[in-house]
S.K.: 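If you scroll down you'll find the structure; I have some questions about it.
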Amino acid sequence: MSFLTEYGIVLLQGLAITLALSISSWLLSFAVGLFLTLVRMTKIRAIEWAVLAFVEYQRNVPPLVHIFLWYFGVSSILPESLQELVNEYHGEFIFAVIAIGLYYGAYFAEDIRSGLRSIPKGQQEAARAIGLSYAGAMRRVILPQALRVSIPPLLSNTVMLVKTTSLAMVIGVMELTYATKDVASSTFRIFETYAISTALYVVVALTLLFIGGWLGQRVRIKGR
Amino acid sequence: MLDIIHQYWLLFLIGSYPNGPLGGIAATVLLSVIGIGLAFPLSVLLALAQLSPYKALRYPATAIRYLLRSIPLVMLIFGAYFIVPIILGRPVAGFTTMAVTLVIFQSVYLAEIVRAGIESLPKGQAEAAAALGMGYWTRTRKIILPQALTNMLPSMVGQFVTTIKDTSLGYVIGVNELTYAANQVNSAVITQPFTVFLVLSLAYFVICFALTQAARLLEAHLERRNSRTVTHVTLNAQNAPAAGHSS
Amino acid sequence: MTIKKNSVAAVNPESIISLHEVNKWYGEHHVLTDVSAQVKKGEVVVLCGPSGSGKSTLIRTMNRLEEIGSGTIHVNGQDVQGKQVDVNSMRSHIGFVFQQFNLFPHLSVLENVTCGPLWVNKAKQAETRQLAMALLEKVGLGHKAQAYPNQLSGGQQQRVAIARALAMNPPVMLFDEPTSALDPEMVGEVLSVMKALAAEGMTMVCVTHEMNFAREVSDVVWFMDQGSLLEVAAPDVFFTSPQHPRAQKFLSDIRRH
């Protein structure tokens, strides 16, 4: 099947970009999520409000619109020198990562937070009672348990994140969906192209589900 | 920013109607309502199939679930955009393609919610209905679904919010909805992309946030109603529903 | 080890319920072993035994809420577990009261009682309403007809559940630990209803821990342990001189508390 060998490469390259987008965005999201959760623990009203505002804003605006705002909007108000820098280094990729990263950062923050809230207060009390500081208790007792609880929602949001990277095609990032559309419209082998890409996405999604399941099993607290 | 809103508010609201198809916020809302409205009955059937003891129903329903949840919506939209006219043998309007794709996509996600609602009911409800002699459809229609759907109403409102956000993807196939309208404004103004897209973001924010808050109020109301029991016995299982989740 | 077992043929025309060599397995676990028994019309049977003895499982097989591995169960002359049987029709002639009441929370008390006749028997609205109100009065809850289950106490809910089952006019009523989920002060009101029912001649099988109820009201006591029906005796015999050693142990354990 020469179609496969010729255009298969293009699709796989698209997949590679998709994965690169996904990993970069995921790291940003996780960092943002963790940061927001930790910062909320200071219990300062203003910070609480700021975090809430950020989370609500991110979640109630479509990811495509976030991408537009960053790629068309923010780039235009950047100082000249930064603009040139960004353009040289695949600005569309960078802005896509920022937009998607912040969007899912808000969701990850909620997932981590719900994990934390599921830990009974007695754990914190017991940890402090043996002499751990607040930070120590968090690090050694609370967070390890909370992150385990957060794995399922984090996992499903991760799968969604990978799917959302497909939106980057709109601003010209040549990830898998872009490649699919490209190949389909140039070869007119529409069914085959979409079938292959669908299969690739399904493989990625199922792989993530397996990894998540394996991870969940490995860190499982026995008897819970 | 205010001048832009002042000048283009009509375009944002209804697109170029009546000089063109209905667009803007009106089209977005219309698409969302059609999407969720038609997806709802499909999702109930899909959920029941996924819970069915008959493998002939359960396997395909579960396969659909995994398949449609793995592929990005934008790819489904493109696929439909190219493939549907080929199948039908005639051109199909972008709006229609978008609506149909949304219905299919949302019904899979709604089915998750419906399924969760059904599974959260205590087994005793189905048993009590069966013990009285009610058949499957009577049980499901009169006892199970009324309770499950009421409990999941907040989540379903959340899914409606998600649908509204998903309509923004209509832009890629030229559907005249809000994001498309914003791009039109941007092309007209040219020099202020940040402002234009900020207005766009705020427009979505206002609509979606209002609905999300409504869902939260609904959830609180349901929680109060369900926990208002006089018994000492845990009537349990009117579980508090999951928070409406926008993707 | 004297065990009184009915050696009558599998289907006794005089019996409303006939159990013959009933066996059930959960995987490897043999939960019901060769259970055979008969319930005559108008009899009140109390089914007792320690936890895990299989008594709840057994009563649930009688209206096929549980399946069996082998053996036969006949209720109202019908083979309950048969392949061809119309399960819904069969169940509509057997009243079942659950430990957790299982009232329908989205329906009012009156609607809970009328839903069976209306939706299963396709009875007429007006007649059904009258019947339901009469039943609610009978269990002492006529004044709560428009209330919702959430607004009732446990004892009240269980009484409504009994009315709901009675609305179908079944020839036999099955009770699966009807008072076990109730606070002690509410047990009496439910037992009163059950006693009145028994006095009217209803055929009843009750899984219960209420030994006083058993002594006062039942005609036969079935004692089960670890899936087997070990003793079938009249209550005065069973409570004063149980035959089977495990029955003796059970009664002495109960008495100690």
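So that the names make sense, note that chain A is the first sequence line, chain B the second, and so on, each numbered from 1.
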S.K.: Identify which part of C/Phe98 has an atom lying under 4.5 Å from any heavy atom of chain B, answering side chain, backbone, both or neither.
M.R.: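 Only the side chain of C/Phe98 comes within 4.5 Å of chain B.
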S.K.: When you compare the side chains of B/Gln50 and B/Tyr59, does any donor N or O come within less than 3.5 Å of an acceptor on the partner?
M.R.: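 There is no such pair (donor and acceptor under 3.5 Å, judged by atom type) between the side chains of B/Gln50 and B/Tyr59.
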S.K.: Quick check on the structure: residues of residues 89-96 of chain C within a heavy-atom distance below 4.5 Å of chain B, by number.
M.R.: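 Answer by number: C/Arg91, C/Ser92, C/Ile94, C/Phe96.
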S.K.: Does C/Lys40 offer a backbone N or O that forms a donor-acceptor pair with the side chain of C/Glu43 under 3.5 Å?
M.R.: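 Present.
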S.K.: Do any N or O atoms from the side chain of B/Thr28 and from the backbone of B/Leu178 form a donor-acceptor pair under 3.5 angstrom?
M.R.: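 Judged by distance alone, yes, a pair lies under 3.5 Å.
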S.K.: Quick one: do the C/Ser18 and C/Gln38 side chains pair a donor with an acceptor below 3.5 Å?
M.R.: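 Indeed, the side chains of C/Ser18 and C/Gln38 share at least one donor-acceptor pair under 3.5 Å.
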S.K.: Test your reading of the model: is there a side-chain donor-acceptor pair from B/Ser52 to the backbone of B/Leu48, 3.5 Å cut-off?
M.R.: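 No, B/Ser52 side chain to B/Leu48 backbone: no donor-acceptor pair under 3.5 Å.
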S.K.: Decide whether C/Arg159 and C/Gln156 meet the rule of one side-chain donor and one side-chain acceptor closer than 3.5 Å.
M.R.: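 The criterion, which ignores hydrogens and geometry beyond distance, is not satisfied for C/Gln156 and C/Arg159.
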S.K.: For chain B, which residues of residues 121-133 of chain C have at least one non-hydrogen atom nearer than 4.5 Å to it?
M.R.: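 So far as heavy atoms go, nothing in residues 121-133 of chain C approaches chain B to under 4.5 Å.
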S.K.: For B/Ala39, does its backbone N or O pair with a side-chain atom of B/Ser107 as donor and acceptor, under 3.5 Å?
M.R.: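 Checking the backbone N and O of B/Ala39 against the side chain of B/Ser107, no donor-acceptor pair under 3.5 Å is found.
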S.K.: Quick one: which of B/Ala129, B/Gly135, B/Ala128 has the most heavy-atom pairs under 4.5 Å with chain C, could you say?
M.R.: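 Of the candidates given, the most pairs with chain C belong to B/Ala128.
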S.K.: According to salt bridge (Lys or Arg N to Asp or Glu O under 4.0 Å), does anything in residues 52-65 of chain B pair up with another residue at least two apart or in another chain? List the pairs.
M.R.: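 Qualifying pairs: B/Arg65-B/Glu112.
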S.K.: With distance as the sole criterion, is a donor-acceptor pair present between the side chains of B/Gln106 and B/Asp166 under 3.5 Å?
M.R.: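 Present: a donor and an acceptor within the cut-off.
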S.K.: Please classify the contact between C/Arg64 and chain B as side chain, backbone, both or neither, with a heavy-atom cut-off of under 4.5 Å.
M.R.: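 Looking at C/Arg64, nothing touches chain B.
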S.K.: Kindly write out the residues that satisfy ring pair (Phe, Tyr, Trp, His ring centres under 6.0 Å) with C/Phe213, not counting sequence neighbours, or none if the list is empty.
M.R.: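 Residues passing ring pair (Phe, Tyr, Trp, His ring centres under 6.0 Å) with C/Phe213: none at all.
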S.K.: So which of C/Leu103, C/Leu174, C/Asp86 has the largest heavy-atom pair count under 4.5 angstrom toward chain B?
M.R.: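 Winner by heavy-atom pair count: C/Leu103.
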S.K.: Take the angle between the ring planes of B/Phe209 and B/Phe205 and call it parallel below 30°, perpendicular above 60°, tilted in between.
M.R.: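 Rings of B/Phe209 and B/Phe205: parallel, under 30°.
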